[in-house]
Amino acid sequence: MRIRVGKLLLLLLLGGLIAVGCRPERRADLVILNGPEIETLDPQVLTGQADGRVSGALFEGLTRFDPVTGRGVPGWAERWDISPDGRTYTFHLRTNAVFSTGEPITADDFVWSWRHAVDPATAADYSGFFFYVKGGRELVTGASTNLATLGIRALDPRTVVVELENPAPFFIDLCAMRIMAVVPRWTIEKYGDQWVRADPLPCSGAFQLRSWRPNDRIRVEKNPRYWDAASVRSERVDFLSGDSPTTALNLLLTGEVDVLIERNLIPLELNDVLLKRPDFHTFSYLGTYFIRFNVTRKPFDDVRVRKAISLVLDKRRIVERITRLGERPASAVTPPGTGGYQPPPGLGDNASSATNAVEYAAARAINIAEAQRLLAEAGFPGGKGFPTFTYMFNAGGGGGSRTHEQIGVEFQAMLREHLGLQMELRPVEWKTYLSEMSLLNYDVIRGSWIGDYQDPTTFLDCFLADSGNNRTGWRNPQYDALMARAAATSDSTKRFDLLRQAETLLTRDEVPVIPVYNYTGLYAFDTNRVGGISANLTDEHPVWAMFRKR
Amino acid sequence: MSYFLRRLLFMVPLILVIVTLAFFLVRVAPGGPFDKERKPASPAVERALAEKYHLNESLFSQYLRFLGLKWEEGANGSWQRAPGGLIAGDLGLSLKYRNHTVSDIILQGLPVSLTLGFLAFGFAMGFGIPIGFYTAVRRGEWADWAGSLFALVVICVPGFVIGPLLILGFALKAGWFPVGLWGAPVQAVLPMVALGLYFGGRVARLTREGMTQALQSEYIRTARAKGASELRVLLKHALPTAVMPVVSYSGPMLADLLTGSFVVENIFQIPGIGVFMVNSSLSRDYTMVVGLVLLYAILLLVLNLLVDLAYSFLDPRVRYE
Amino acid sequence: MKDAALSTESPTLAAAPAPVHLSPNRKAWLRLRSNRPAVWSAGFLALVLLLAIVVPWLSPHDAVHGSDAQFAAPSLQYWFGTDVHGRDVFTRVFSGARVSLLVGAVGAAVSLVIGVCWGMVAGYVGGRTDSVLMRVVDVLYALPSIVFVIVLITTMEGFVKQWVTALSPALAPAARMMFLFVGLGAVSWLTMARIVRGQVLSLRSRPFVLASQSLGASHRRILFRHILPNVIGIVIVYLTLTVPSIILYESFLSYLGLGIQPPAASLGTLIAEGASQINPLRVFWWLIIGPGGVLALTLLALNFLGDGLRDAFDPRSS
């Protein structure tokens, strides 16, 4: 009996080993460590950056992102005309437009794709991008159900005409977004929500899907029918999913992975070391780390309290000691240079602009004194009588969350030292964090925002009274009015002026949020081995441009 | 034997209880599967999403649907059973990985976790039982000290320390093994060691204890008095009862090992299901949590039944009435 | 104030039942004292306990407040170096040891009381009782403990926190700890129950048990006089294995944001912090050696003490 059990066990072990061994895998031409397992490949419903990287390789729209500038350049539309009032775009499609499976891509496909994306039944989280298109807002919000009212029509099989609600100077960039891509109508009609699992999957991008093993890897192959197939320099690309920064670094150093593109996979502790390495590259992009106040709760309903807390936050210490990637301390929500926009100086900007330690210390001293005065004015001299409150942040999962804790620890110390305030740190896991933030069930909470396109509205729209992304309880009619006026203005200087007024209200006068710093991105690849990746503000790195040098 | 048949039959309602508890527990937790850092474009979109996955229905209705006992009025006015559900063997789509069904993900990851789990189990038993056996026989001598110290050290050093250290030493410095990923046999070695050491240390301790007790018991003295050879006494008489604590422990241990380890899969970037075990709870992937609990419960109950079976093999005096 | 009061009381607590004759306990005590590794281990544990109590008080550094000395290597000023916020790791290790020892003690206590009783009753009574008791263990074991802790914290924390804060505002962070204890306690006893039950199943049909049964001894007497002494060895050994897993499980929960509240730390979270930066480029080794060494040595000492106790209480050892 015992012998048989032993034999059985041995056989099992051997069988296991053989099972492991029986999966020979040819290395792809390019291996990208893409971050967490992607949630969906459907370009219309995806939300994650990791999802977008893969889906962007498979699907393309009227325009695509330029690998160098990160802005929209001709995709399936080879050129376009813009009406003088900036509200009508006429796109001319390429003659050779086909899906990877051979079916033609026509103007009607674009009309159908966009209508499908705005249809609430598709449940596309990002369908808000269609608010700029005439009739888009009504359809997405459900006010209208007639999809034909969307401002897109096919003039002929090769011409798409798009009408906008307001002139949007960034519309060409917008057209390169995943959700604007052309998708295979017949596949979607046949398979419904699970259409991306169709085999073969008709793709409109530079690559086609080869295999997809959850939590392991997605393999894509060059799409020979892509209009620009000649520029696609990798035959086969693997996207690995992984969650551990240290492992990511090991895989990169041993050459198992060519490109490490997810910033949450960079080991934070090594930021200062990695910065000096030739295979790690930093770039600034449209992202801001900030702290939200719940303005519906006492005492944070008092602007003086918010200002006082904001003024004592030593942003420079945080970027120099915690994040350590050369981030820029921020006093505005919009990063400087977003689509040519320069944000107005926010509260405490004198410290951000100090050029040396002495100046900085002086500016800090002024800010701290001002903060103490404001707090006293609000009825809490020296922090007396101020209730203990909590600072909430998300913990667990990925490298980023450790930063949140570390920033919290510094923030806590600063408040105690300069204002005598008692702030408790409250780490919560991700979903609780989101839920508590949405329900305004917090005192002070960390936040961040990544811009989607190169225009300040991608940040400033968040703080509109009816925006689901506001999550501070702050609503200001004056702000909303300024934003509405800006939206209706086509002159870029005047428009930016209005936006600056709005942002001043947000970050200097009302302070429902404390901007902390603008993100610096970091990605890793050996320039001797990999090419075709450039830094750009939108953090868009098209895979078709990447290649491994031989 | 009828005892075990009854146990086997009783497993069905028991699993139902476990799965039901998990079903409601995960839905009580704050937040939902579709909560994201950004709000959907409009409440209409949010509603449509909830409708698609029936999250807008009452908990009870969702539960019926999950069981496959939900009857609804069809388009033509006739009542029919909503498709899918547990009775149809359908666990539904994952709510986080929306292009995969739960069974899809489990079937992809389970073979990997099973392989690694069995390897680690074999490794743990392979060094744990001999060390435990030897240290008990050589009790109080230096060999006991050395073996026990080794077992204790691997127990005290957590997997998230052992894993990176193994990688640093044997993969990066020595270059004998790859730093991670899965596919070739050589890639299974370090994860197997990282996972097996911890359990092996415990197995060694439990075996040593069981052996010590067995060696002091009256029947061993009887066996010795009868003049059986020492080796025969040790292997034939003492060892079977000595491994009883290990057997008790290996039920839950094997269930844990076979469903993957979050830490080891994370460190070695292995596509098993251990990572999902933790992440599905965190991401409120309701269907996935329930599916994994179902899998885990079946494994655990079957293994514990096997453990109870093994008791009566190892010690004929164990009887279940 | 409070602590002082406690410490004056503790000697009376420690002086447990005064032995009148050479009882089995007394014999065990004598045996334990002659076991050198056990005595050394007990001494070491007492030292760690003492350090955990006094270091956070007496240290010139603060466990939660940072300084400008970021990532300083161990020196005379900072014995275990400093961390990212410039906090003294030595002070943090011993204030973390407070948490970890407490967590380990709670886990062990739950495991000992609930687990052992549960397992003994199940194994001894057998039949339907055994089935019901063990199926409860199976159900609890199979449920996802993370979800359990999440639900526990989010549904109860607000309420309990109000209640605790009303007692004393300084105790507010302790509210989180209570949930940690409940969550850890809930899972810590399950395997213990299984193991004890397995042993009892085999013991209850041994001659000495059958003999006392036929002599008319009460079940209680049989359980505590005959069965318990025979499982005490495995109980102690498994207890010493429970403590490390509970301590490490706490650090996992803390990592997920379900455990202790920063800036406080436990040994587990300190080690996890140190382990996360083991990489080929640069390792701040003191972040792992300090807390890791203290934890490993403590657990080792605990195990040797456990071995000593086990031998001392063994009814058959001469």
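Letters go in sequence order (proteins before strands), and every chain restarts at 1. Keep in mind it's a predicted model, so treat the numbers as computed, not measured.
Of all heavy-atom pairs spanning B:Ala22 and C:Leu143, the tightest one is N-CD2, 3.8 Å. Taking all atoms of both residues into account, the shortest heavy-atom contact from C:Gly198 to B:Ser248 is CA-OG, 4.1 Å.
In this structure, chain B has heavy atoms under 4.5 Å from both the backbone and the side chain of C:Val139. The contact between B:Leu25 and chain C is made by backbone and side chain atoms together, counting heavy-atom distances below 4.5 Å. In this structure, chain B has heavy atoms under 4.5 Å from both the backbone and the side chain of C:Phe148. Residue contact with chain B, scored on non-hydrogen atoms closer than 4.5 Å, involves the backbone and the side chain of C:Leu300 alike. Interface residue C:Asp130: only side-chain heavy atoms are found under 4.5 Å from chain B. Of the atoms belonging to B:Arg27, not a single heavy atom falls under 4.5 Å from chain C. If you measure heavy-atom distances from B:Tyr296 to chain C, the contacts under 4.5 Å come from the side chain alone. The parts of B:Val26 that come within reach of chain C are both its backbone and its side chain, each placing non-hydrogen atoms under 4.5 angstrom from that chain. Heavy atoms of C:Ile271 lying under 4.5 Å from chain B belong to its backbone as well as its side chain. Interface remark: B:Asp315 contributes side-chain atoms only to the contact with chain C (heavy atom separation under 4.5 Å). Residue contact with chain B, scored on non-hydrogen atoms closer than 4.5 Å, involves the side chain of C:Thr191 exclusively. Residue contact with chain C, scored on non-hydrogen atoms closer than 4.5 Å, involves the side chain of B:Val289 exclusively.
Only one option out of C:Asn303, C:Leu241, C:Thr240, C:Leu299 pairs with B:Ile155 in a side-chain contact (heavy atoms from CB on, under 4.5 Å); it is C:Leu241.
When each of C:Met134, C:Arg194, C:Gln199 is checked for heavy-atom pairs under 4.5 Å with chain B, C:Arg194 comes out on top. Per-residue heavy-atom pair counts under 4.5 Å with chain C were compared for B:Met253, B:Arg202, B:Met244, B:Met277, and the maximum is reached by B:Arg202. Chosen from C:Pro244, C:Ser245, C:Ser276, the residue pairing most often with chain B at heavy-atom distances under 4.5 Å is C:Ser245. Interface remark: of the candidates C:Gly274, C:Ala272, C:Gly292, C:Ala272 forms the most heavy-atom pairs closer than 4.5 Å to chain B. The choice from C:Leu297, C:Val243, C:Ile234 that makes the most heavy-atom pairs within less than 4.5 Å of chain B is C:Ile234.
Taking the charged nitrogens against the carboxylate oxygens, C:Arg197 and B:Asp308 do have a contact shorter than 4.0 Å, which makes a salt bridge.
Checked by atom type and distance alone, the side chain of C:Arg135 never pairs as donor or acceptor with a backbone atom of B:Leu14 at under 3.5 Å.
B:Ile18 is not listed as a side-chain neighbour of C:Tyr141, based on a closest heavy-atom distance of 4.5 Å or more.
Distance check, rounded to the nearest 0.5 Å: CD1 of C:Ile278 to CG of B:Leu172 gives 11.5 Å.
Around CZ of C:Phe44, the count of heavy atoms belonging to other residues, nucleotides or ligands within 6.0 Å exceeds 12.
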